[in-house]
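Quick note: residue numbers are just sequence positions, from 1.
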Amino acid sequence: EIQARKEEKFEERAFIYRYKIFERYHQRVATFIILTDSNRNWRPSEYKTELLGSEISFKFRTVKLIDYEDRIEELEKSSNPFAIAVLAILKSKQTEKRMDVRYAEKFNLMRMLCLKGYSRKEIEGLLSFLDWIMVLPEELEEKLQEEIIKMEGEAMPYVTSFERIGIKKGKQEGELLLVMRLLSKKLGPVPDEIKSKLELLAIDKLEELGEALLDFHNLDDLKDWLSRR
C-alpha cells in the first residue's frame with residue numbers, strides 16, 4: 001500500500017485491510033507500506049489492542065521514501081526498477097511548484113529507464129507510473145511527447161508502446177484504463193454506476209483523480225471526489 005500523508009489510526013486500518021484480504025483469499029499475507037509523506041517522525045510499524053486477556057499484535061514493514069533523498073545518485077545507478085519509481089515520487093515532490101524543472105526530470109527518467117535494459121513489460125509499467133506521478137501542464141506534456149517521438153528507435157525503443165497505453169495527449173481511453181486499474185488495486189471492485197461517471201471525465205480530470213486517489217481509503221472518498229467535479 002502507498003500512504004501519502006500522516007493519518008490517525010493508520011495502524012488499525014492497515015490491520016483491518018490485511019484481515020479483509022486474508023478473509024477473502026484465505027492465504028498468508030505480508031504487509032508492506034510505502035510512506036511518501038514528508039513527516040520524518042511518523043513511522044508506523046505496529047498495531048496492538050487488548051481486552052479482557054484477548055490480545056492482537058500486528059507488525060508490518062514500511063519504507064519511508066524521504067529517507068532516500070540523499071541517495072539520488074545511488075538510485076540513478078541502480079538497475080532495480082523500483083529505483084525509478086522512488087526517483088519519480090521524490091522528484092515529483094521536489095518539483096511541485098516548478099513545472100519546467102519537472103519536465104526536465106520526467107524526460108530524464110523516461111530516457112533513463114529505457115536505457116537500462118528492462119523488459120517491455122517493466123518499461124510499460126514504469127512509463128505508466130511516471131505519467132501518473134509526474135503530471136505536467138498540457139503544453140509541457142505536448143512538448144515532451146514531441147521530444148520523445150524524435151528519439152523513437154534510438155534511445156527510446158518502446159515509444160510506440162508508451163503511446164499505446166495512453167500517455168500521449170488525446171489518449172483519454174488509456175488514462176481511464178490506468179485510473180480504473182489503480183482504483184481497483186486501492187479500493188477493490190468499482191461499481192458500474194461509478195465507472196459510468198469516470199467514463200465522462202476529461203483527460204485532465206482523470207489525471208487529477210490519479211493523484212487524488214493516493215489519499216482515498218474507500219469508495220465513499222471516490223464518490224465525494226466525483227460529487228465535487
Side-chain donor or acceptor of Asn218 paired with backbone N/O of Asp221 under 3.5 Å: yes
- prompt: Which pair of non-hydrogen atoms, one from Asp215 and one from Ala4, has the smallest distance, and what is that distance?
  reply: OD1-CB, 3.4 Å
- prompt: Between atom CD of Glu211 and atom CG of Leu206, what is the distance when rounded to the nearest 0.5 Å?
  reply: 12.5 Å
task: Mind jotting down which residue pairs meet the side chain to side chain donor-acceptor pair (under 3.5 Å) criterion with at least one end in residues 14-37? Sequence neighbours excluded, please.
output: Asp37-Lys64
query: If every non-hydrogen atom of Met99 is compared with every non-hydrogen atom of Val135, which pair is closest and at what distance?
result: SD-O, 3.9 Å
message: How long is the straight-line distance from CG of Leu87 back to CD1 of Ile133, given to the nearest 0.5 Å?
response: 12.5 Å
- request: Could you tell me whether the side chain of Glu122 and the main chain of Ser119 form a donor-acceptor pair under 3.5 Å?
  value: yes
Kindly list each side-chain donor-acceptor pair under 3.5 angstrom involving residues 177-195, sequence neighbours excluded, with atom names and distances?
residue, atom, partner, partner atom, Å
Ser184, OG, Met180, O, 2.9
Lys186, NZ, Ile2, O, 3.2
Lys186, NZ, Leu214, O, 3.3

Where Ser38 and Ile66 come nearest, the two heavy atoms and their spacing: O-CD1, 3.6 Å
task: Return yes if some donor-acceptor pair links the side-chain N/O of Glu50 with the main-chain N/O of Gly53 below 3.5 Å, else return no.
output: yes
- request: Verify the distance criterion only: is there a donor paired with an acceptor across the side chains of Arg43 and Thr62 at less than 3.5 Å?
  value: no
query: Going by the angle between their ring planes, with limits at 30° and 60°, are Phe15 and Tyr47 parallel, tilted or perpendicular?
result: parallel
- prompt: Between Met134 and Ala88, what is the shortest heavy-atom contact and its length?
  reply: CG-O, 3.9 Å
- prompt: Step by step, would you call Lys223 with Phe216 a side chain to side chain contact (heavy atoms under 4.5 Å, CB included)?
  reply: CA-CA 10 Å; Lys223 292 176 182 177; Phe216 291 174; over 6 Å; no
message: Closer than 4.0 angstrom, basic N to acidic O: yes or no for Arg98 and Asp100?
response: yes
message: Under the side chain to side chain donor-acceptor pair (under 3.5 Å) definition, can you give me all pairs with a residue in residues 79-89, not counting sequence neighbours?
response: none
field: Intermediate values then yes/no, side chain to side chain contact (heavy atoms under 4.5 Å, CB included), Leu209 and Leu222
entry: CA-CA 9 Å; Leu209 177 56; Leu222 173 58; 3.9 Å; yes
- request: Specify the closest pair of heavy atoms between Phe60 and Ala14, including all atoms of both residues, with the distance to one decimal.
  value: CE2-CB, 4.4 Å
